[in-house]
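Worksheet: the structure to be examined is printed underneath.
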Amino acid sequence: MASVDEHLAMVLDLVGNTPVERIPLADCLGLAIAEDLSSPVDLPPFDNSAMDGYAVRARDIRDAPVELPVTDDIPAGKTVLTELAAGTAQRIMTGAPVPPGADAVVQVELTDGGTESVLVNGEVEPGAHIRRAGEDVRVGDVVLRAGAELGPPQLGLAAAVGAGELPVRRRPRVLVLSTGSELVAPGNPLLPGQIYESNGVMLAAAIRSVGALAEVLSFVPDDVETFHSVLAARLESADLIVTSGGVSAGAYEVVKDAFTGNGVEFRKVAMQPGMPQGAGEYRGVPVVTLPGNPVSAQVSFEVFLRPALRSAMGHAVIQRPTRTAVIDEALHSPPGRRQFRRGRYDPSAGTVRLVGGPGSHLLSALAVANCLIIVPEGVSEVAAGDAVTVVALDA
Ligand code: AMP
Ligand code: MG
């Protein structure tokens, strides 16, 4: 039996990296920047006013109240400035450049707001209300490190330093193929012995949620010929094939039958759920085969594919953060296996509650869970009140 970490290492290695391309900022949300971004500008780019008010020399208003002639008006965006002469003021708006000769801005609230001349009722220190050039970022500073995830603030920063496009790794194109002669597309009537196909939509959504592209191929019956022909038509455009079902120990295991001897290795992984796993390369395309039970498939996605897809897209952080929580009831885990139980984690209380049993068909419990509880290989009994490791699925 392979360990979870061994299988993860194999899947990470197999999936590799997609190539770097430059795309518009607006399309980058959630992706990782592929190279360090250094700023070609200072931020702020020039000394500017933090207030609406008047640019002055601080010493000219030391004996406030004092009346000064207003010699210019500086709205934000003004590019041509006049030097501030001693004993004068220039009206200035927030974000507008501070004129040469001025060393402070006195806020409008301390004045009568005049436009020809202004009555200043209070003094300010030299440097008051001026945002200095380079205070935030200096030319040449690395503002985003390769591998950083591009959320709203990171995109804002990239735009602020003038980047219109960013280097990112191309979104992997993933083919999702469900297998099983018992499967029926939702929306159609069921005969006895049939079930609705649910892994396809679930895995595709999981793949998209990490920023990769998913194409769900129509699911196939447990027939090797059909399996090969459905895949053949789409192989060329795929970076990764993900199958579900057909890998356990029974007969009619279509994925196993089709891929064995064709570059894919099937093995047992010391985990619950999700023991039967497979990975390899089929006609040059990486393949990861997931077990068919819906909870096994989704947990396997979390454990192997989510990190692999994040790694493929160049994220520095590929794993979700783990936390410690106190569990409300005892549980049993098979010895030697890493167990992933579904739970409701309450971050403010630091507690976690089990939802549903260990069965890998219990999809409704997965749907109300917000975390996986991880019971390590060396632990088979957990008591109520013990501290356990949880991975928040919504973090
Ligand atoms: P298998 O690995 O093909 O033996 O499947 C294990 C269990 O998962 C069986 O009960 C299947 O009916 C179920 N299953 C497999 N694939 C799917 C799917 N795409 N949607 C829902 N259930 C599935
Ligand atoms: Mg099956």
Side-chain angles (χ1 to χ4, degrees), residues 1-2 7 11 174-209 214-231 234 238 240-260 262 264-280 282 287-306 334 337 339-342 356-369:
M1 225 189 286
H7 194 64
V11 172
V174 186
L175 295 183
V176 178
L177 182 53
S178 303
T179 64
S181 295
E182 73 281 29
L183 304 176
V184 172
N188 295 295
L190 283 184
L191 294 176
Q194 297 182 325
I195 60 167
Y196 288 121
E197 200 279 310
S198 57
N199 289 348
V201 69
M202 179 171 61
L203 291 171
I207 289 162
R208 290 179 190 129
S209 74
E215 186 189 347
V216 182
L217 299 185
S218 54
F219 53 89
V220 298
D222 294 318
D223 173 71
V224 171
E225 288 308 306
T226 316
F227 182 87
H228 279 302
S229 67
V230 167
L231 266 190
R234 300 303 235 293
L240 174 66
I241 299 164
V242 174
T243 64
S244 71
V247 294
S248 358
Y252 313 107
E253 302 292 3
V254 63
V255 174
K256 225 178 202 176
D257 294 346
F259 281 149
T260 298
N262 281 317
V264 179
E265 186 191 327
F266 294 93
R267 48 158 127 175
K268 289 185 173 171
V269 176
M271 63 193 284
Q272 186 199 54
M275 186 172 67
Q277 299 284 341
Y282 174 66
V287 175
V288 174
T289 69
L290 305 180
N293 271 306
V295 176
S296 308
Q298 183 62 19
V299 167
S300 302
F301 174 87
E302 274 295 323
V303 175
F304 303 118
L305 280 175
R306 184 179 185 277
R337 295 220 237 149
Q339 191 185 45
F340 299 90
R341 292 288 296 268
R342 281 65 69 198
S360 54
H361 58 297
L362 302 173
L363 189 52
S364 69
L366 180 65
V368 296

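As the structure lists them, so they are numbered: ligands from 1, and atoms in each ligand from 1.
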Among protein heavy atoms, which lies nearest [atom], and at what distance?
atom                    : result
atom 18 (C) of ligand 1 : N199 ND2, 3.3 Å
atom 6 (C) of ligand 1  : N293 N, 3.7 Å
atom 22 (N) of ligand 1 : I195 CD1, 3.4 Å
atom 2 (O) of ligand 1  : S248 OG, 3.2 Å

Polar atom proximity, G292 to ligand 1 (N or O, under 3.5 Å) = yes
N/O to N/O below 3.5 Å, does that happen between G246 and ligand 1?
-> yes
Using distance alone, with no hydrogens and no angle criterion, decide if [X] and [Y] have a side-chain donor and acceptor under 3.5 Å apart.
X    : Y    : result
E182 : Q194 : no
T289 : Q277 : no
S296 : N293 : no

Which one of E197, M202, K256, E182 has a non-hydrogen atom at the shortest distance from atom 19 (N) of ligand 1?
-> E197
Is there side-chain contact between [X] and [Y], with heavy atoms separated by less than 4.5 Å?
X    : Y    : answer
T243 : S178 : no
L305 : V288 : yes
H228 : Y282 : yes

Between Y196 and ligand 1, which part of the residue brings a heavy atom under 4.0 Å of the ligand: side chain, backbone, both or neither?
-> backbone
S198, portion touching ligand 1 at heavy-atom distance under 4.0 Å | both
Under 4.0 Å from any heavy atom of S178, which atoms of ligand 1 are there?
-> 19 (N)
Taking only non-hydrogen atoms of T179 and a 4.0 Å limit, the atoms of ligand 1 in range are 16 (N)
If the plane angle is over 60° it's perpendicular, under 30° parallel, otherwise tilted; pick one for F304 and H7.
-> perpendicular
Tested for side chain to side chain contact (heavy atoms under 4.5 Å, CB included) against V176, the lone hit among I241, N199, L240, I207 is I207
